Amino acid sequence: MCGIVGYVGPQDARDVVLEGLRRLEYRGYDSAGIAVLADGALSTAKKAGKLANLEKVLADRPLPAATTGIGHTRWATHGGPSDANAHPHVSADGSVAVIHNGIIENFAPLRAECEATGIEFASETDTEVAAHLLAAAYREAPEGETRLADAMRAVCRRLEGAFTLVATHVDAPDTLVAARRSSPLVVGIGETDDGAAEYFLGSDVAAFIGHTRNALELGQDQVVEIDRARGVTVTDFHGAPVEPTAYTVDWDAAAAEKGGYDWFMLKEIAEQPQAIADTLLGRLGPNGELALDEVRLSDQELRDVDKIFVVACGTAYHAGLIAKYAIEHWTRIPVEVEVASEFRYRDPVLDRSTLVIVISQSGETMDTLMALRHAKDQKARVLAICNANGSTIPRESDAVLYTYAGPEIAVASTKGFLTQVVACYLVGLFLAQVRGMKFEDEVAAVVDDLRALPDAVASVLAEMEPVRGLARSLAGEDRMLFLGRHVGFPVALEGALKLKELAYIHAEGFAAGELKHGPIAVIDQGTPVVVVVPSPRSRESVHGKVVSNIQEVRARGARTIVIAEEGDDDVVPYADHLIRVPRTPTLLAPVVTTVPLQVLACEIADSRGLDVDQPRNLAKSVTVE
Ligand code: M6R
């Protein structure tokens, strides 16, 4: 949600900032802007629409070369996507340029206060107040080298809500000052080939992984000052010095490139076998035991757990729904799964023996972060499953299990999702192991099944050509249904979400057995219905029930698209289109059955001429509530 880039160093800031914006555009793409500080003057350019629009403006009217610059790509909250509302925002006296991610909740009284001094606002954004307040605070701050940072601290103490702010001031060449509260910001520290120091700011490390792997994590309510001569200084909002945590970025710059694919999403779908293998790597012991060294909860704490909540949003929530089946089955601990935006508001029953598993690819989703904080306030233990090293959610959790999916750039989550599901299996199995709920050979058997998943996913991917053809034939549809039972139900929900967000086709996922209780009324001649069929080996004839459900919808005219495992002949007479997946143990089946649904949604969107990687109205990381 809004991408932020800052640069101070010997390179041309225009190029570095623009390159950072290209890498961060997935965070928000309804407008973009850049400001550079050259010869004691600010120059800005901003434009509604995708970054390409800004690039055209810059080609016609280049900004001056500079060594200090900031850039922003926006996902609108206050004020629609327009040139005027695009960031950076410049103070009325022209001294300060500010970019912002988040929401300044008390912006209305602050705006009134600024207007009372005669300032005329140029935009409808909450951000603009920060520019005017910062300019005023700078004028009032004592002279000295920390004057801009002092002013930023004074402003931050007045702001309510969540924000990352980055500012540059005409009187402070080669300096950037930034602040964060509940919104992401990382610092990159690099060195050019000739040994000169350079500094970066970014909403995430994608902003600068082409330049450096050395990064600093910032905590809540901190201000960072970056000065080419004096380096990096971090304080809290009251000026007390803080020692930031340094870390090395393990993502590869090439992993954030399309690598010959038309869409990042296609590349990320193709990377899934490797991402799963990487997520398992080092966690499966030689004798089939699990070794989750980074789960910083003691065996006793894990034995004391009497209830689990899984809390997440969107696709990550669907991973949580799958986790419930596996964790309850393996551990007999009750598991509740909840969307993060609802969790804290209903006052859930939590205590020291509750384990809350928060799942987030980005590690910055505000709803999930707030749920995490609520759980910690109630003394529950929090375990994060996360893909982004150095992000807020793992930092604030008691324990973390990283998924090693690498950077996920497409807004629609694919490899992020499958690795979250795999991480959930690891957590469930680890709990069963620690609590003695499974014999060693039982754990080892599931571990063997997990090891087979990368090849199983690769074999699904190798057979996707017919799915592409099917997608083209579905491109004109305006609605689709997805059905599943048991672990196939969350897969159906995920298939429907993918189709909605990418192809803008109204899609709903249902528990297959629930269909006859109402939704079946919407089926008429030709309605496409995707059915995720469980293995014929699944318990209590779930398979047979789903085969009956396929017949029910077909009898009402549905065009059935059936995903079933190899060798399942029962479905053949009722499938208008049959997509085969390899035989996989029931609980692990979502890892293979999800893949054709990802490809289907991606290809339908592509056939409709849509932007697969950056669907309308969405942003990759939702950092507002
Ligand atoms: O970064 P997170 O995993 O916390 O993101 C959660 C959701 O916003 C995300 O999964 C969203 O639903 C995706 N666009 C789905 O493809």
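For ligands, and for the atoms within them, numbers begin at 1 and follow the listed sequence. Here the structure is a predicted model, which means the values were calculated and not measured.
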Heavy-atom proximity to atom 14 (N) of ligand 1, picking from Glu501, Gln598, Met265, points to Glu501
Contact with ligand 1 for Ser621, non-hydrogen, under 4.0 angstrom | no
Heavy-atom proximity to atom 10 (O) of ligand 1 ranks first, among Thr315, Thr414, Val622, for Thr315
Quick look: Lys620 vs ligand 1, heavy-atom contacts under 4.0 Å, and the answer is neither
query: Would Phe309 and Phe343 count as a close aromatic pair, with their ring centres under 6.0 Å?
result: yes
Query raised in the report: Between Glu19 and Arg22, is there a salt bridge with N-O shorter than 4.0 Å?
Result: no
Here the atoms of ligand 1 under 4.0 Å from any heavy atom belonging to Ser360 are 1 (O), 2 (P), 3 (O), 4 (O)
- Task: Could you tell me whether Arg608 sits above the aromatic face of Tyr504, with NZ or CZ closer than 6.0 angstrom to the six-membered ring centre and within 45 degrees of the axis?
- Result: no
Notebook entry, point to check: Within a strict 4.5 Å, meaning less than it, do heavy atoms of the Pro615 and Tyr29 side chains meet?
Noted result: yes
Numbered in order shown, the ligand 1 atoms found under 4.0 Å of a heavy atom of Ser413 are 15 (C), 16 (O)
Under 4.0 Å from one or more heavy atoms of Val411, ligand 1 contributes atoms 13 (C), 14 (N), 16 (O)
Logged contact type for Glu364 with ligand 1, heavy-atom cut-off 4.0 Å, is neither
Are Phe417 and His318 near enough that their ring centres are under 6.0 Å apart?
no
The atoms of ligand 1 lying under 4.0 Å from a heavy atom of Gln361, numbered in the order shown, are 1 (O), 2 (P), 3 (O), 4 (O)
| task | Kindly confirm or rule out an N or O of Ile359 lying under 3.5 angstrom from an N or O of ligand 1. | result | no
**Prompt:** Less than 4.0 Å between a side-chain N and a carboxylate O, is that true for Glu268 and Lys415?
**Reply:** no
So, regarding Lys498 and ligand 1 (criterion: nitrogen or oxygen to nitrogen or oxygen, under 3.5 Å), is there a contact or not? yes
Numbered in order shown, the ligand 1 atoms found under 4.0 Å of a heavy atom of Ala316 are 3 (O), 10 (O)
Ion pair present between Lys267 and Asp262, side-chain N to carboxylate O less than 4.0 angstrom? no
Ligand 1 atoms nearer than 4.0 angstrom to some heavy atom of Gly314 are 12 (O)
Please check this pair: side chain of Asn387 against backbone of Gly416, looking for a donor-acceptor N/O pair closer than 3.5 Å.
no
